[in-house]
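What follows is a structure written as structure tokens; I'll ask about it next.
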Amino acid sequence: MPYWLLKTEPSTFSIGDLASSPRRTTRWDGVRNYQARNFIRDAIAVGDEAFLYHSSCEPAGITGIVRVVRAAYPDPTAFDQHDDHYDAASKPDQPRWYAFDVQLARRFRHMVTLDALRAHAATDLAGLMILRTGNRLSITPVDTAHWRFILALSSSTR
DNA sequence: GCCAACGTTGGC
DNA sequence: GCCAACGTTGGC
């Protein structure tokens, strides 16, 4: 089962917001990058797990785990003229953008900060996409070995 | 198809 | 608020 990392700015939508959402579930929408879109449309499946990463905040880092509970479907925000993510080029009969649903699975007692991840950038976490400089992709795959290592970090750091 | 300009992301 | 990185756009 593939693993993923989803970025979110907590000032827009945080893990706390997810925790207080109905059924601790939310629609992951508004993705407007083709590479990320392809992950959603072609690879992300029900049952997949993803780290929830808080970006553009202090400190940035991984705050918990979500589980995919609904696979790709056309992103409704692309059809809504009043939504910030409206895209006239995406039509219901030929959608350009996709959303999926995630449910909160686990909140880390202690966030695994970007600094903590970086401490292993040259060794156990070499190649982790979030550590690549200039990486702006909001959805990235995570190797199983990286997933397990970060899980271990989450229970050992404080 | 190239590439400069532009806009956005995200760490600091 | 700054700025590096980089995806997208649009002129040619």
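Here is how names work: the chains are called A, B, and so on, in the same order as the sequence lines, proteins then strands, and each is numbered from 1. Here the structure is a predicted model, which is why all the values come from computation and not from measurement.
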dC6(C) phosphate, OP1 or OP2, under 4.0 Å from Arg132(A) side-chain N/O
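For dC6(C), OP1/OP2 do have a side-chain N/O of Arg132(A) under 4.0 Å.
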In whole angstrom, what separates His85(A)'s NE2 from dT8(C)'s P?
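Distance check: His85(A) NE2 to dT8(C) P gives 14 Å.
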Under-4.0 Å salt bridge between Lys91(A) and Asp93(A)
no
Gap between atoms NE2 and C1', on His54(A) and dG11(B) respectively (whole Å)
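The distance from NE2 of His54(A) to C1' of dG11(B) comes to 16 Å, rounded to the nearest Å.
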CG of Asp87(A) versus C1' of dG7(C): gap in Å, rounded?
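So the CG-C1' distance, Asp87(A) to dG7(C), works out to 15 Å.
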Leu131(A) CG to dG10(B) P: how many Å, rounded?
14 Å
Taking only residues two or more places apart in sequence or in another chain, which ones pass salt bridge (charged side-chain N to carboxylate O under 4.0 Å, His left out) with Asp48(A)?
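Testing Asp48(A) for salt bridge (charged side-chain N to carboxylate O under 4.0 Å, His left out), a comparison that skips the adjacent residues, returns none.
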Are the side chain of Arg37(A) and the backbone of Arg96(A) linked by a donor-acceptor contact shorter than 3.5 Å?
yes
Listed nucleotide nearest any side-chain atom of Ser56(A), set dT8(B), dT8(C), dG10(B):
dG10(B)
Verdict with supporting geometry, Phe51(A) and Trp4(A), ring pair (Phe, Tyr, Trp, His ring centres under 6.0 Å)
CA-CA 6 Å; Phe51(A) 288 131; Trp4(A) 307 95; over 10 Å; no
Angle between the end axes of the helix from dG1(B)-dC12(C) to dC12(B)-dG1(C), five pairs per end, to the nearest 10 degrees?
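The value is 10°.
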Taking only N and O in the side chain of Tyr53(A), is any of them less than 4.0 Å away from OP1 or OP2 of dT9(B)?
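For Tyr53(A), the contact criterion (side-chain N or O under 4.0 Å from OP1 or OP2 of dT9(B)) is not met.
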Kindly say if Lys7(A) contacts the phosphate of dT9(B), meaning a side-chain N or O under 4.0 Å from OP1 or OP2.
no
Atom CG of Leu137(A) and atom C1' of dT9(B) are separated, to the nearest Å, by 11 Å
Measure OH/Tyr34(A) against P/dG7(C) and give the value in whole Å, please.
14 Å
Nearest-Å distance, CD1 (Ile130(A)) to P (dT9(B))?
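About 14 Å, once rounded to whole Å.
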Within less than 4.0 Å of OP1 or OP2 of dC12(B), is there a side-chain N or O belonging to Arg118(A)?
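Answer yes for this pair, as a side-chain N or O of Arg118(A) is under 4.0 Å from OP1 or OP2.
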Within 6.0 angstrom of Arg148(A) CZ, more than 12 heavy atoms from elsewhere:
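No, CZ of Arg148(A) has 12 or fewer neighbouring heavy atoms, counting only those of other groups under 6.0 Å.
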In terms of the angle between their ring planes, are Tyr3(A) and Trp147(A) parallel, tilted or perpendicular, with boundaries placed at 30° and 60°?
parallel
Which nucleotide in the set dG10(B), dG7(B), dG11(B) lies at the smallest distance from any side-chain heavy atom of Arg136(A)?
dG7(B)
Would you find a donor on one side and an acceptor on the other, under 3.5 Å apart, between the side chain of Arg41(A) and the backbone of Tyr98(A)?
no
For Asn33(A) and dT9(B), what is the distance between atoms CG and P respectively, to the nearest whole Å?
10 Å
